[in-house]
Amino acid sequence: QVQLVESGGGLVQAGGSLRLSCVASGRTFNTYAMGWFRQAPGKEREFVAAVRWAAGSSTYYADSVKGRFTISRDIAKNTVYLQMNSLKPEDTAVYYCAARRGGSGYYSNPDEYDDWGQGTQVTVSS
């Protein structure tokens, strides 16, 4: 099992930026991919971005955040980041970090991830 701890959320005005961090610990050696998801009140949890943990670090994004958000990882620090620029009020949600053990290809369904963090609140004011 992998333990995940997010940080970096907060309140920001529209057009502003935030960087979220997620530190992984525990059995991280077979991590295939790390993802960020978000959940707004009354809505289902939705995919934001993901990065493959191995060499190459391929990334993929939800259409709603392409060009504004950037996911990256630092293997030495067991940390994945989500740089969020040009934030909009509709980005307001609890953001969760998730880890998937093993696999190939791309995964954007929350059910495809094995371990989750506790979430960090991001609020964008208009």
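Values reported hereafter were calculated over all heavy atoms of this structure, with side chains retained and with hydrogens, waters and symmetry mates removed. Given the structure is predicted, the values throughout are model-derived calculations rather than measurements.
Grouping the Ile, Leu, Val, Met, Phe, Trp and Tyr side chains by contacts below 4.5 angstrom, directly or via other members, places Val48 apart from Tyr32. Hydrophobic clustering keeps Tyr113 apart from Val51 (ILVMFWY residues linked when any side-chain heavy atoms are closer than 4.5 Å, directly or through intermediates). Residues Val80 and Ile75 share a hydrophobic cluster, clusters being chains of Ile/Leu/Val/Met/Phe/Trp/Tyr side chains in contact below 4.5 Å. A single hydrophobic cluster is not seen to contain both Phe37 and Leu87; linkage of ILVMFWY side chains at heavy-atom distances under 4.5 Å, directly or through other members, places them apart.
Looking only at distances, a side-chain donor or acceptor of Asp114 sits under 3.5 Å from a matching main-chain atom of Arg101.
Between Leu18 and Leu82 there is no side-chain heavy-atom pair separated by less than 4.5 Å.
Minimum interatomic distance between Gln118 and Tyr96 (heavy atoms only, all atoms of both residues): O-CE2, 3.5 Å. For Ala93 against Ala40, the heavy-atom pair with the smallest separation is CB-N, 3.8 Å. Nearest heavy atoms, Cys22 versus Met34: SG-CE, 4.2 Å. Considering every non-hydrogen atom in both Tyr107 and Ala50, the closest pair reads O-CB, 4.4 Å. Annotation for Ala24 and Leu4: closest pair CB-CD2, 3.6 Å, computed over non-hydrogen atoms. When all heavy atoms of Gln83 and Ser17 are compared, the pair lying nearest together is NE2-CB, 3.9 Å.
A cation-pi geometry, defined here as NZ or CZ lying under 6.0 Å from the six-membered ring centre and within 45° of its normal, holds between Arg52 and Tyr106. Remark: Arg45 qualifies as a cation-pi partner of Trp116 under the 6.0 Å distance and 45° angle criteria applied to the six-membered ring.
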Is there a side chain to side chain contact (heavy atoms under 4.5 Å, CB included) between Leu20 and Val122 once you walk through the steps?
CA-CA 9 Å; Leu20 305 183; Val122 172; 4.0 Å; yes
Let me see the working for Arg38 and Glu46 under side chain to side chain contact (heavy atoms under 4.5 Å, CB included), right down to the final yes or no.
CA-CA 5 Å; Arg38 66 187 181 186; Glu46 66 173 2; 2.6 Å; yes
Verify side chain to side chain contact (heavy atoms under 4.5 Å, CB included) between Thr28 and Trp53, making sure each step is shown before the conclusion.
CA-CA 10 Å; Thr28 61; Trp53 200 246; 5.7 Å; no
Between Val94 and Thr120, is the side chain to side chain contact (heavy atoms under 4.5 Å, CB included) condition met? List the steps.
CA-CA 5 Å; Val94 177; Thr120 185; 6.0 Å; no
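Side-chain atoms of Thr79 and Asp74 form no donor-acceptor pair, as typed in the model, at a separation below 3.5 Å. Under the 3.5 Å distance criterion, with hydrogens and angles disregarded, no donor-acceptor pair is assigned to the side chains of Thr92 and Glu90. Donor-acceptor pairing under 3.5 Å is lacking for the side chains of Arg73 and Tyr81.
Separation of atoms OG (Ser25) and CD (Gln3) is listed at 4.5 Å; rounding is to 0.5 Å.
Using a cut-off of 4.0 Å between Lys/Arg side-chain N and Asp/Glu carboxylate O, Arg100 and Asp115 are scored as not salt-bridged. A salt bridge does not link Lys88 to Asp91: none of the charged side-chain nitrogens sits closer than 4.0 Å to a carboxylate oxygen.
When each of Tyr95, Phe69, Tyr60, Tyr61 is tested with Phe47 by the rule ring pair (Phe, Tyr, Trp, His ring centres under 6.0 Å), just one qualifies, namely Tyr60.
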